[in-house]
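What you see below is based on every heavy atom in this structure, not just the backbone, and it leaves out hydrogens, waters and symmetry mates.
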Amino acid sequence: MATEKSTPKKKGAKRYFINGEFLSTHFFIRNWGIILAIVVLIMLYITNRYQCITAMENIQRLNREIEVVKSEAIRQKSSYMNAIREKTMQASIRQAGLDLTHRDQPPYKLTIK
């Protein structure tokens, strides 16, 4: 005599799955190792995905910082080059013995009426 739990074919496979009889206690006892392995793999997948997403966000943030630092470096280099050019011109004017000075006010146009 066969028991109802051991023969799912008598009730029909569709009904066996729809009613949830395949998730009985005996199922979990027989397959605890596989279930544990699947749960661990799912947890590892979720952890790996979270770490990848946070690392990608960190990379994007650092790339934005690099762009800011690069533009600041270019600005500083430009300012330094302008200062050097001005000092070089003043030194060459002094060496040539010319009586030229640096003006604090910009030049302006004179209009004759």
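- Residues satisfying the side-chain contact (heavy atoms from CB on, under 4.5 Å) criterion with Ile29, sequence neighbours excluded, are Thr25.
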Pairs of donor and acceptor atoms involving the side chains of residues 30-47, under 3.5 Å and at least two apart or interchain, shall be tabulated with distances.
residue, atom, partner, partner atom, Å
Arg30, NE, His26, O, 3.1
Asn31, ND2, Phe27, O, 3.2
Thr47, OG1, Met43, O, 2.8

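- Listed by chain and residue number, Glu72 satisfy the side-chain hydrogen bond (donor to acceptor under 3.5 Å, both in side chains) test with Arg75 (two or more places apart in sequence, or in another chain).
- With side-chain heavy atoms closer than 4.5 Å counting as contact, directly or through intermediates, Val69 stands alone and belongs to no larger hydrophobic cluster.
- Residues Tyr80, Ile84 make up the rest of the hydrophobic cluster containing Met81, defined by ILVMFWY side-chain heavy atoms closer than 4.5 Å, directly or through other members.
- Leu98 is linked by a side-chain contact (heavy atoms from CB on, under 4.5 Å) to Ile93, Ala96, Leu100, counting only residues two or more places apart in sequence or in another chain.
- In this structure, Arg85 has no salt bridge (Lys or Arg N to Asp or Glu O under 4.0 Å) partners at least two apart in sequence or on a different chain.
- Residue pairs that meet the side chain to side chain donor-acceptor pair (under 3.5 Å) test with at least one member in residues 53-68, sequence neighbours left out, are Asn58-Arg61, Arg61-Glu65.
- Residue Leu110 is found in a hydrophobic cluster whose other members, listed by chain and number, are Tyr108; membership requires side-chain heavy atoms under 4.5 Å apart, directly or through intermediates.
- Residues passing the side-chain hydrogen bond (donor to acceptor under 3.5 Å, both in side chains) test with Asn48, sequence neighbours excluded: none.
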